[in-house]
Amino acid sequence: MASVFEVPGKQGTKRWRVQVRVKGYPVQSATFERKTDANRWAAQTESDIRRNLHFPLPESSRRTLGEAVDRFLRDYNDRRPKSAKDRERHLLWWKQQAGAYLLSDLSRSRIVEIRDRLRTEPDRRGRRRSSATVNRYMVSFSRLLSVAVKEWDWLSSNPCSKIERFQENLGRARRLTEEEVSRLRETARQSSDRRLHALVTLAVLTGARRGELLGLRWQDVDPERGYAILHETKNGERRRLTLSSPSKEVILDLGRVRRLDSDFIFADSTGRPRFPESAWRTALKKAGIEDFRFHDLRHTAASYMAMAGATHQELAAFLGHKSYAMVARYTHLRKDYVDHKVEQMNQELVGG
């Protein structure tokens, strides 16, 4: 049954609002300048509904990508705060490139075309984005579309699901020799910032990331039982760090001179866990170590774990990786170490 009624328009004009109600179907409505147009639309719409010809446009044909990005950033992006800033940057780039498109127009071929633009065009620093960076942009975009499918009913399927990711370079795995580790720990011990020696030592002993160590609070560590809990990790899951005897000593030493106005283990003079960048650079220079980042201490720890005979599963657990692909870069070290030991043993036995 159709209802047509008058509603006020702009500057005192009249407009006509139509509502068509048919049992079993959602209410359809529209507004017209003339009553004759309203009556005509009402009759046609009611007839189409009864003949099963009237289907309202799906949400994908009414919603733009820009609307989807805005809604996601407003309501969903803080669900994983660790990566929220990067995800926001990724999605705003997609909005800039294709925000005016209707979701129904986001075919796989169009997405691939835009993705390839991301790979070939320089970033804000004038550099070409790596395959890994492009993949991260695609992950953020796919996450948005998945929410649009599963929670909003704005899409019937995610067009990103069948788009292949680029092969990623595992990147560098710079590691220190045992002698370099010793030199760096010594220069860090001499630093005016007492936190640096502890940060370097724990990074080498536990394989934890810089941000993970800086985020540690006193309630997160139990030196007596030999563990620490990382609440904020790269993959968003908690991880348990095993504290060996040397690691326990580092924590206990810090506890003897801890700040009482902050619960962060590596708090600076302001009570916040800021990294001692200047002290770190000075320690590297004094130790004579070049082309080295703090993150490479994690590679160093993993490398020595591999040379000690750790399996893929053990390395993945040690580093907090969900897959074995990221620990594959250390596999050859175990073989190289064994080869070295065999050569050393042979030389000792027969000489020559």
Side-chain angles (χ1 to χ4, degrees), residues 172-234 239-308 310 315 318-320 330 333:
R172 64 184 243 164
R174 169 86 157 89
R175 66 185 176 93
L176 298 179
T177 64
E178 293 180 34
E179 194 271 335
E180 286 176 320
V181 170
S182 179
R183 289 207 316 264
L184 180 58
R185 289 189 63 222
E186 182 57 32
T187 57
R189 190 193 306 275
Q190 298 168 5
S191 173
S192 58
D193 194 317
R194 64 176 181 80
R195 299 172 300 153
L196 185 60
H197 178 259
L199 280 167
V200 169
T201 303
L202 285 179
V204 170
L205 296 178
T206 68
R209 298 177 178 89
R210 187 175 89 171
E212 293 170 344
L213 292 173
L214 291 174
L216 277 174
R217 300 172 185 265
W218 287 107
Q219 60 264 34
D220 299 329
V221 298
D222 191 334
E224 298 301 322
R225 297 182 182 179
Y227 71 86
I229 301 298
L230 301 176
H231 294 285
E232 293 189 11
T233 63
K234 189 174 181 179
R239 187 164 94 252
R240 186 181 187 275
L241 284 183
T242 299
L243 299 179
S244 61
S245 295
S247 299
K248 295 177 188 177
E249 286 302 315
V250 170
I251 297 295
L252 292 173
D253 284 346
L254 286 172
R256 296 185 184 102
V257 290
R258 63 171 291 188
R259 296 181 62 93
L260 299 180
D261 59 348
S262 175
D263 58 351
F264 285 105
I265 292 178
F266 292 104
D268 65 4
S269 59
T270 68
R272 301 301 300 169
R274 295 184 179 87
F275 182 71
E277 189 66 49
S278 178
W280 164 249
R281 291 196 300 269
T282 299
L284 284 176
K285 186 175 181 179
K286 287 184 177 180
I289 297 173
E290 299 178 350
D291 186 31
F292 194 79
R293 307 167 305 179
F294 190 89
H295 190 77
D296 293 328
L297 293 174
R298 175 173 164 84
H299 295 315
T300 299
S303 298
Y304 284 102
M305 278 285 289
M307 290 189 289
L315 276 171
F318 178 68
L319 295 171
Y330 306 109
L333 295 171

Over 12 non-hydrogen atoms of neighbours within 6.0 angstrom of CD in Glu290: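 Result for CD/Glu290: open.
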Glu224 CD: over 12 foreign heavy atoms closer than 6.0 Å: no
Sequence neighbours excluded, every pair satisfying salt bridge (charged side-chain N to carboxylate O under 4.0 Å, His left out) that has a member inside residues 246-255: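 Every salt bridge (charged side-chain N to carboxylate O under 4.0 Å, His left out) pair that includes a residue of residues 246-255, provided the two are not neighbours, is Asp253-Arg256.
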Shortest non-hydrogen separation from [X] to [Y] and the atoms involved:
X	Y	result
Gly207	Arg239	O-NH2, 4.4 Å
Ser262	Ala267	OG-CB, 3.5 Å
Glu180	Thr177	OE1-N, 2.9 Å
Leu213	Phe266	O-CD1, 3.3 Å
Tyr304	Leu176	OH-O, 2.9 Å
Leu254	Trp218	C-CH2, 3.6 Å

Which value, rounded to the nearest 0.5 Å, describes the distance between [X] atom [atom1] and [Y] atom [atom2]?
X	Y	atom1	atom2	result
Ile265	Gln219	CD1	CD	8.5 Å
Arg298	Arg209	CZ	CZ	4.0 Å
Arg240	Asp222	CZ	CG	9.0 Å
Met305	Leu205	CE	CG	11.5 Å
Leu297	Arg293	CG	CZ	10.5 Å
Leu241	Leu216	CG	CG	7.0 Å

Basic-acidic side-chain contact under 4.0 Å: Glu186, Arg189: yes
Pair Leu284-Leu184, side-chain contact (heavy atoms from CB on, under 4.5 Å): steps then yes or no: CA-CA 7 Å; Leu284 284 176; Leu184 180 58; 3.9 Å; yes
Set of residues satisfying ring-ring contact (aromatic ring centres under 6.0 Å, His included) with respect to Phe294, sequence neighbours excluded: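 Phe294 satisfies ring-ring contact (aromatic ring centres under 6.0 Å, His included) with Phe275, Trp280 once adjacent residues are dropped.
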Test item: Arg175 side-chain N/O and His299 main-chain N/O as donor-acceptor pair under 3.5 Å: no
Backbone of Thr201 reached by a side-chain donor or acceptor of Arg185 within 3.5 Å: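 The answer is no, because no donor-acceptor pair under 3.5 Å joins these two groups.
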side-chain contact (heavy atoms from CB on, under 4.5 Å) involving Thr270 - partner list, sequence neighbours excluded: Asp268, Arg272, Arg274
Residue pair Ser247 / Ser244, side-chain donor-acceptor N/O under 3.5 Å: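 Yes, Ser244 and Ser247 have a side-chain donor paired with an acceptor closer than 3.5 Å.
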Trace of the side-chain contact (heavy atoms from CB on, under 4.5 Å) decision for Val250 with Leu243: CA-CA 10 Å; Val250 170; Leu243 299 179; over 6 Å; no
Trace of the side-chain contact (heavy atoms from CB on, under 4.5 Å) decision for Leu214 with Leu199: CA-CA 8 Å; Leu214 291 174; Leu199 280 167; 4.2 Å; yes
